[in-house]
Amino acid sequence: MKKVLVLCTGNSCRSQIAHGYLNKLLSGKAEVYSAGVETHGVNPLAIKIMQEDGIDISKHTSNNISEYSTIQFDYIITVCDHANERCPVFPSNAIKLHQNFPDPAKAIGTPEEIKNEFARVRQLIKGYCADFKLKYF
């Protein structure tokens, strides 16, 4: 089974959302992991916005990339520029992909505006994950 790593800065929003979608889309085809170059905990709004789309990420944990240093990944997807720049070198032949998504945790405004930004970013990531499946699986 192939192994996919989604990497972000803090493993709290974007990588968690992608992890949730890839788990669903690649079920039985790949093991999906997510990590950050730091750990910030899973953002409660990311959990809520994914539940609204029928995916439960409430049991996900925020992991540091160092925890996965011995795993041979087939794909490493960075979902923010910061993680792409700080991504450690893995001694593997993993296909490395990068797509920068806005950080919904930095959204400002009313609670409704912030929720809308989380939903907007969720949809961007959902589309990317669907395209990833079509292209690589």
Side-chain angles (χ1 to χ4, degrees):
M1 188 170 297
K2 294 188 177 196
K3 292 182 172 61
V4 178
L5 173 66
V6 184
L7 184 62
C8 197
T9 300
N11 193 217
S12 67
C13 290
R14 294 165 287 184
S15 54
Q16 295 289 347
I17 291 169
H19 186 168
Y21 280 122
L22 290 172
N23 261 345
K24 181 178 179 180
L25 293 167
L26 303 177
S27 179
K29 298 177 183 175
E31 293 177 37
V32 181
Y33 301 78
S34 65
V37 293
E38 305 163 7
T39 55
H40 298 164
V42 182
N43 187 299
L45 286 174
I47 293 169
K48 183 177 180 177
I49 207 72
M50 290 298 284
Q51 285 174 335
E52 289 180 5
D53 200 26
I55 297 177
D56 183 7
I57 63 168
S58 64
K59 298 204 178 9
H60 284 200
T61 57
S62 184
N63 300 85
N64 188 284
I65 185 62
S66 63
E67 296 174 48
Y68 301 135
S69 62
T70 61
I71 297 174
Q72 293 294 312
F73 290 102
D74 297 285
Y75 301 94
I76 298 173
I77 303 169
T78 52
V79 292
C80 71
D81 287 342
H82 183 252
N84 188 45
E85 293 162 7
R86 292 194 48 203
C87 183
V89 175
F90 282 88
S92 74
N93 294 322
I95 295 171
K96 294 171 182 70
L97 304 166
H98 174 66
Q99 178 64 50
N100 186 52
F101 293 102
D103 186 353
K106 292 184 178 178
I108 55 172
T110 66
E112 186 68 21
E113 290 168 330
I114 293 169
K115 181 183 175 200
N116 288 342
E117 179 63 4
F118 268 82
R120 185 182 78 83
V121 172
R122 177 193 67 199
Q123 291 308 111
L124 293 171
I125 294 171
K126 182 178 184 178
Y128 179 86
C129 291
D131 290 345
F132 173 80
K133 178 187 176 188
L134 287 174
K135 187 169 184 179
Y136 296 101
F137 285 84

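Enclosure of atom CD1 in I108 is not indicated, since only 12 or fewer non-hydrogen atoms of other residues, nucleotides or ligands lie within 6.0 angstrom.
The two residues I49 and K115 make their nearest non-hydrogen contact at CD1-O, 3.9 Å. Scanning all heavy atoms of the two residues, the minimum distance from P102 to L124 falls at CD-CD1, 4.1 Å. Closest approach of V37 to N64, counting heavy atoms only: O-ND2, 3.6 Å. The minimum heavy-atom distance linking C80 with N100 is given by the pair CA-OD1, 3.2 Å. Here the shortest heavy-atom pairing between I114 and G109 reads CD1-O, 3.5 Å. Contact between C13 and A46 at its shortest, heavy atoms only, is CA-CB, 4.2 Å.
Contact of the S12 side chain with the V42 side chain is not registered, since no non-hydrogen atoms from C-beta on lie closer than 4.5 Å. When side chains are defined from C-beta on, F137 does not count as touching L25, because their heavy atoms never get closer than 4.5 Å. Two residues are said to be in side-chain contact when any heavy atoms from C-beta on lie closer than 4.5 Å; V79 and I125 fail this criterion. Between L26 and K133 there is a side-chain heavy-atom pair separated by less than 4.5 Å. Residues M50 and K24 have side chains not in contact (no heavy-atom distance under 4.5 Å, counting atoms from C-beta outward).
Sequence neighbours left out, the pairs with a member in residues 2-23 that pass salt bridge (charged side-chain N to carboxylate O under 4.0 Å, His left out) are K3-E31, R14-D103. Within the structure, ring-ring contact (aromatic ring centres under 6.0 Å, His included) pairs that include any residue of residues 105-127 do not occur (at least two apart or interchain).
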Q.
side chain to side chain contact (heavy atoms under 4.5 Å, CB included) for Q99 and D131? Distances and angles first, verdict last.
A. CA-CA 12 Å; Q99 178 64 50; D131 290 345; over 6 Å; no

Q: Starting from the C-alpha separation in whole Å, work towards a yes-or-no answer on side chain to side chain donor-acceptor pair (under 3.5 Å) for H19 and S34.
A: CA-CA 6 Å; H19 186 168; S34 65; 2.9 Å; yes

**Q.** Chi angles and distances behind the salt bridge (charged side-chain N to carboxylate O under 4.0 Å, His left out) call for E117, R120
**A.** CA-CA 5 Å; E117 179 63 4; R120 185 182 78 83; 2.9 Å; yes

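With sequence neighbours left out, the ring pair (Phe, Tyr, Trp, His ring centres under 6.0 Å) criterion links Y33 to Y68, F73.
Considering NZ of K96 and CG of L5, their distance stands at 10.5 Å, rounded to 0.5 Å. The distance from atom CG of N63 to atom OG1 of T39, rounded to the nearest 0.5 Å, is 8.0 Å. L97 CG to Y128 OH: the interatomic distance, rounded to the nearest 0.5 Å, is 4.5 Å. N23 contributes atom CG, which lies 11.0 Å from atom CG of D56 (distance to the nearest 0.5 angstrom).
Looking only at distances, no side-chain donor or acceptor of D53 sits under 3.5 Å from a matching main-chain atom of I55.
Across N11, N43, T61, a single residue satisfies side chain to side chain donor-acceptor pair (under 3.5 Å) together with Q16, and that is N11.
Checked against a 6.0 Å centroid threshold, the rings of F132 and Y21 do not count as neighbours.
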